[in-house]
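Here is the structure we will look at.
Since this is a predicted model, take the numbers as computed values, not measurements. Counting starts at 1 for both ligands and their atoms, in listed order. Just so you know, these numbers use all the heavy atoms, side chains as well, and skip hydrogens, waters and symmetry mates.
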Amino acid sequence: MLKEAIKKLKPYIPEQTIEEIKREQGLTKLVRLSANENAWGTSPKVAQAILDWGVQDANRYPDSELTGLRNAIAQGLKVKPETLVFGDGLDEIIQLLSRTLLSPADEVVLTQPTFSEYALHAEIEGAKLVNVPVDTDGLTDLKEMLAAITPATAMVWLCNPNNPTGTYVTHQAIATFMDQVPKSVTVVVDEAYIDFVTDEKQASVVDLLQKFDNLVVLRTFSKAYGLANFRVGYAVVAPQLAKILQTVRLPYNLSTFAEIAAEAAYADQSFVADVVDAVAKERHKWLSFLQKLKVQYYPSQANFIFFKITDAAKLSQELLQNGYLVRTGLGPDWLRITVGQPTDNQVVQNLIRAFIEQ
Ligand SMILES: *Cc1c(COP(=O)(O)O)cnc(C)c1O
């Protein structure tokens with residue numbers, strides 16, 4: 001018999017392949033600005049590491065502990081290796097945390113809007129969603145989230161910077177929030193886009209793990225590191241919870257190829273720094289463009305922009321016909337667009353200007 005909670009689920013709609021859309025639309029070129037992928041590609045060191053590795057040990061199971069990558073990240077973040085739990089992308093970590101921590105009738109507090117997978121996995125476990133809308137500036141409302149916590153609350157999801165709004169809350173604000181959250185509630189801070197924050201020197205809350213056992217911090221290689229295809233994400237958690245998550249997860253969830261790619265990407269921090277600089281520059285141009293056009297937008301600190309425009313569906317169709325795919329369906333008349341290469345951003349901005357002025 002089908003689980004009751006599954007019957008009413010709407011599936012997560014993954015990105016169509018670029019080839020598929022090109023065929024459908026009769027396009028010769030398509031730039032995907034809908035999935036917040038890294039428009040600057042991947043560090044060339046990754047290709048070299050993969051070529052050097054070849055297909056060694058393809059017949060062997062991979063290292064379940066990902067020892068090489070684990071030690072590199074532990075050193076980089078100044079945490080103990082045993083506090084890291086790796087997933088087949090953060091997608092798997094979101095599923096793993098929900099599966100491990102949620103029981104039917106538990107409450108899960110979320111920002112509205114936020115990344116849809118938190119709600120999907122909470123619902124699969126039969127938990128109850130408590131959505132807290134962003135404030136009028138598009139900021140995650142920590143005060144209201146705190147107020148939404150009840151004795152039934154098991155988890156709070158904080159996406160920082162938040163997808164799709166792009167806004168972020170400060171280290172100080174999260175520290176104050178953690179001080180007030182009951183210890184029985186797990187607070188998950190999804191830092192998928194934390195590398196892109198330039199307004200605050202130390203935006204990540206990894207250091208707060210020393211103080212709060214109920215904090216979980218998530219990171220991924222899919223965005224700033226440009227490794228979405230390899231599926232590598234991880235959680236930094238208190239050692240007790242790490243042990244439990246290691247018990248629940250699949251034993252060989254990441255291949256050695258993924259580990260080698262991630263290790264090479266992690267070692268090339270200058271690639272990441274260059275990407276972050278380039279994104280910040282282009283993001284600034286995007287925001288001043290929208291401001292000039294008097295389009296409503298949120299102040300992004302990520303590699304994407306969320307803005308509201310009349311006839312958004314029609315605009316997205318026009319952009320698609322010109323070879324640019326953007327994300328729709330995240331709010332009525334709101335579009336989310338990934339910060340792309342300078343020439344692409346310029347073309348898209350010209351198309352938007354023409355659309356508004358027509
Ligand atoms: C892209 C994204 C992820 C998924 O990352 P993967 O590691 O590719 O699974 C997680 N959280 C947020 C908020 C994202 O936007």
Side-chain angles (χ1 to χ4, degrees), residues 12-15 32-39 41-42 46 66 69 73 84-99 108 110-122 131 134 138 140 155-169 174 187-197 203-205 216-236 245 249-250 253-255 257-259 261-262 265-266 272 275 279 283 298 300-306 325-327 329-331 334-339:
Y12 179 86
I13 312 217
E15 293 289 330
R32 183 155 77 192
L33 299 176
S34 60
N36 302 340
E37 292 154 330
N38 193 327
T42 311
V46 170
L66 302 172
L69 181 60
I73 293 173
L84 301 174
V85 179
F86 290 90
D88 188 34
L90 272 188
D91 289 349
E92 190 193 11
I93 297 286
I94 294 166
Q95 180 192 48
L96 179 62
L97 286 166
S98 306
R99 190 171 185 193
V108 176
L110 314 149
T111 303
Q112 172 69 33
T114 194
F115 192 48
S116 63
E117 291 193 30
Y118 314 144
L120 173 68
H121 290 290
N131 290 306
V134 294
T140 295
M155 250 172 140
V156 175
W157 285 97
L158 275 184
C159 187
N160 199 44
N162 186 40
N163 179 3
T165 54
T167 57
Y168 89 110
V169 284
I174 296 177
V187 177
V188 189
V189 182
D190 183 344
E191 297 190 338
Y193 299 99
I194 202 74
D195 300 287
F196 296 111
V197 175
S204 170
V205 291
V216 174
V217 177
L218 308 186
R219 293 284 186 87
T220 178
F221 279 88
S222 296
K223 309 283 160 59
Y225 289 85
L227 228 56
N229 206 336
F230 280 90
R231 317 301 306 124
V232 185
Y234 57 94
V236 197
L245 294 171
R249 78 165 167 90
L250 298 176
N253 54 346
L254 275 90
S255 71
F257 305 99
E259 183 187 9
Y266 201 69
V272 180
V275 166
V279 165
R283 181 174 66 203
Y298 291 142
S300 172
Q301 280 283 290
N303 69 335
F304 55 85
I305 317 275
F306 198 46
L325 181 65
V326 302
R327 185 73 158 86
L330 297 168
W334 284 84
L335 295 178
R336 191 193 68 196
I337 185 159
T338 307
V339 174

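- For Y193 and F304, the ring centers sit closer than 6.0 Å to each other.
- Checked options I174, T114, N162; the residue passing with T140 is N162 (criterion: side-chain contact (heavy atoms from CB on, under 4.5 Å)).
- Among N303, N38, N36, the single residue meeting the side chain to side chain donor-acceptor pair (under 3.5 Å) criterion with T338 is N36.
- Protein residues are said to neighbour a ligand when one of their heavy atoms lies under 4.0 Å from it; for ligand 1 these are G89, L90, D91, F115, Y118, C159, N163, D190, A192, Y193, T220, S222, K223, R231.
- Ring geometry, F306 versus Y298: the interplanar angle falls from 30° to 60°, so the pair is classed tilted.
- S222 has its side chain within reach of R231: a pair of non-hydrogen atoms, C-beta onward, lies under 4.5 Å apart.
- With sequence neighbours excluded, the residues forming a side-chain contact (heavy atoms from CB on, under 4.5 Å) with T42 are V46, L227, listed by chain and number.
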